[in-house]
Amino acid sequence: MMLLKDILYKVTINAVVGDTGVRVKAIDFDSRNVKKGDLFVAVHGTLADGHDYIDTAIKNGATAVVCEILPKDLVEGITYVEVGNSGKALAILASNYYDTPSGNLRLIGVTGTNGKTTVASLLYQLFKKAGYKVGLLSTVKIMVDNTMYKATHTTPDSLTINKYLKDMNEVGVEFCFMEVSSHGIHQYRTEGLHFEGGIFTNLSHDHLDYHKTFAEYRDVKKIFFDQLPEKAFSLVNVDDKNGLVMLQNTKARKFTYALKGYADYKAQILENQFSGLLLKVNESEVWTRLIGDFNAYNVLAIYATADLLGLEKDEILRLISEIDSVSGRFQYFISKKKVTAIIDYAHTPDALKNVLETINSIRTKNEELITVVGCGGDRDKTKRPKMGHIASALSTKVIFTSDNPRSEAPEDILKDIEDGVEPLNYKKTLTISDRKQAIKTACQLAQPNDIILIAGKGHETYQEIKGERFDFNDFKIVQEFLKQIQK
């Protein structure tokens, strides 16, 4: 329990009605979770406005309310705090309530369209193997040293972030690696956090349903680097033209990495096989079980980050050779009949292109490459034909299917995807709305040495249809069908 005035430290306040000396038991931004003695923060959400639920929060026991617009009818005995931006205030309140936990460990943020999960997860692995207590906040999972929690968003809400960071403090975590999404930045979920470093992976077509334009999407990412302090480091991929944009206004120390251009950290691919990559990183060679050009960038990013955080270069290279791939990121197995099945989260045009080009660079071309892919419903529609074009151009056969259709009709999504297929590739394509049936068909079509890529969902263990989530795991399903077919 804390005094409201202490929780309000560093929050920009426009007006106060009532007593800021009241005691607060907890902070909530969902009125349904409010209990007696809580502080309710009314936030403008994408689907609902918390200001519409102030009365509900008070009925449920809230003793104080933070909001952008004071209600017309004020309830006696309730303290109201008017702020300019509730989302930003919530993040600062959360940090204060949990005693500024990000300041008690070394927090590194990873942002970009593709590679965030892989880079953050590999850094978690590497530092654990180096003997440190480590935290991870990612799309796939949340790790408080050795304890795992289920993740629900790429960047959790600010209360959740600070709660887990506090848990990390209590078990002595020294390093935490965190995915930082454009949504999270735009909604101020990372406001008030003390970052020691920021990593930029790349930028490509995604989330334009939310940000509307690519320039806006890029500029939101840039805010993260603009806010880094002088003592922090900013590490960016300069093979992506947006890398230098991220550095334009940052006060942090600037470092770059690249495979093609000049950079502080440079890598060269010496061998690229299904068994892994042989890389030359600066002047040293290292073998990794990770596969493909895009993973060469990820390995280089974790090498550079570990170096900037003070690990010995030789130890970093040794640890890189020991780390495993991340669940749902180019995760593969080979069946008894020598069919290779690859599961990858690639759900953007650029990510799908990278995965398919990687497979094509490794395969002998004597085998078929069968791709199963779809696009999510209620999301950016403009990427759908691009996904259809890329999948059909770079595969020998494609099965278009449902991803997470959400509230949209799967047939409408599939039509958008099919619109991107060029006439010369029509014969390569099949459309099967049922994802399980699509995977089964791919397994039935595959001959020895063929490759099946199942793209779009990766680590996800569900399919979201009309507001419900149904159990669905691409990796388990393709394993099951390949075993059945081989009997």
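In this text, all values refer to a predicted model and were calculated from it rather than measured experimentally.
With hydrogens and angles ignored, the 3.5 Å screen pairs a side-chain donor or acceptor of Y332 with a backbone N or O of F274. Not a single donor-acceptor pair under 3.5 Å links the side chain of T20 to the backbone N or O of K5. Between the N272 side chain and the L277 main chain, no donor and acceptor come within less than 3.5 Å of each other. Side-chain atoms of D38 never come within 3.5 Å of backbone atoms of A62 as a donor-acceptor pair (strictly under, hydrogens ignored). Side chain of D344 to backbone of F330: a donor-acceptor contact under 3.5 angstrom is found. Although no hydrogens or angles enter the test, the distance criterion places a donor-acceptor pair under 3.5 Å between the side chain of S234 and the main chain of R253. Of the possible donor and acceptor atoms, one in the side chain of E179 sits under 3.5 Å from a partner among the backbone N and O of T139.
Taking both residues in full, the closest heavy atoms of V236 and L247 are given as CG2-CD1, 3.6 Å, listed atom of the first, atom of the second, then distance. The shortest non-hydrogen separation linking N114 to A351 is OD1-CB, 3.4 Å. Residues T118 and R329 share a closest heavy-atom pair of OG1-CG, 3.3 Å. The shortest heavy-atom contact between F224 and G198 is CE2-CA, 3.6 Å. Among all heavy-atom pairs drawn from I199 and A301, the shortest one is CG2-CB, 4.4 Å. Here the closest non-hydrogen pair linking S31 and Y53 is OG-CB, 3.5 Å.
Every pair tested for ring-ring contact (aromatic ring centres under 6.0 Å, His included) that includes a residue from residues 63-113 fails, sequence neighbours excluded, so the list is empty. Listed by first and then second residue, the side-chain hydrogen bond (donor to acceptor under 3.5 Å, both in side chains) pairs that reach into residues 223-232 are K222-D226, sequence neighbours excluded.
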Show the atom names and distances, to 0.1 Å, of all donor-acceptor pairs under 3.5 Å that link a side chain in residues 67-75 to residues at least two apart or in another chain.
residue, atom, partner, partner atom, Å
E68, OE1, H44, NE2, 3.2
E68, OE2, S86, N, 2.9

Show me, pair by pair, the donor-acceptor contacts under 3.5 angstrom made by side chains of residues 164-174, not counting sequence neighbours?
residue, atom, partner, partner atom, Å
D167, OD2, K163, NZ, 3.0
N169, OD1, N104, ND2, 3.3
N169, ND2, P101, O, 3.2
N169, ND2, L165, O, 3.4

Cut-off 3.5 Å, no hydrogens considered: what does the side-chain donor-acceptor table look like for residues 290-299, sequence neighbours left out?
residue, atom, partner, partner atom, Å
N295, OD1, N298, ND2, 3.0
N295, ND2, I291, O, 2.8
Y297, OH, D239, OD2, 2.6
N298, ND2, F294, O, 3.4

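There is no side-chain donor-acceptor pair under 3.5 Å between H183 and R189. Side chain to side chain, S158 and E191 fail the donor-acceptor criterion of an N or O pair below 3.5 Å. T113 and Y217 share a donor-acceptor pair across their side chains, judged by distance under 3.5 Å alone.
Screening E464, K457, Q463 for a side chain to side chain donor-acceptor pair (under 3.5 Å) with N404, the sole residue that qualifies is K457.
To the nearest 0.5 angstrom, L122 atom CG is 12.0 Å from L319 atom CG. Atom CG of residue N202 and atom NZ of residue K116 lie 8.5 Å apart, to the nearest 0.5 angstrom. Rounding to the nearest 0.5 Å places CG of N14 at 5.0 Å from CD of E82. For the atom pair T63 OG1 and L39 CG, the distance stands at 7.0 Å (nearest 0.5 Å). Taken to the nearest 0.5 Å, the CE atom of M178 stands 6.0 Å off from the OG1 atom of T190. To the nearest 0.5 angstrom, K221 atom NZ is 11.0 Å from N242 atom CG.
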### Task
Could you walk me through whether R384 and E408 pass the salt bridge (charged side-chain N to carboxylate O under 4.0 Å, His left out) test, one step at a time?
CA-CA 14 Å; R384 294 174 186 173; E408 276 195 77; 2.6 Å; yes

### Message
Applying salt bridge (charged side-chain N to carboxylate O under 4.0 Å, His left out) to K35 and D28, what does each step give before you reach the verdict?
### Response
CA-CA 9 Å; K35 295 180 179 64; D28 301 289; over 6 Å; no

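At a threshold of 4.5 Å between non-hydrogen side-chain atoms, the residues R435 and I454 count as touching.
Checked against side-chain contact (heavy atoms from CB on, under 4.5 Å), F475 has the following partners two or more places apart in sequence or in another chain: Q331, F333, I343, N473, Q479.
Taking the six-membered ring where the residue is Trp, the centroids of F127 and F177 are separated by under 6.0 Å.
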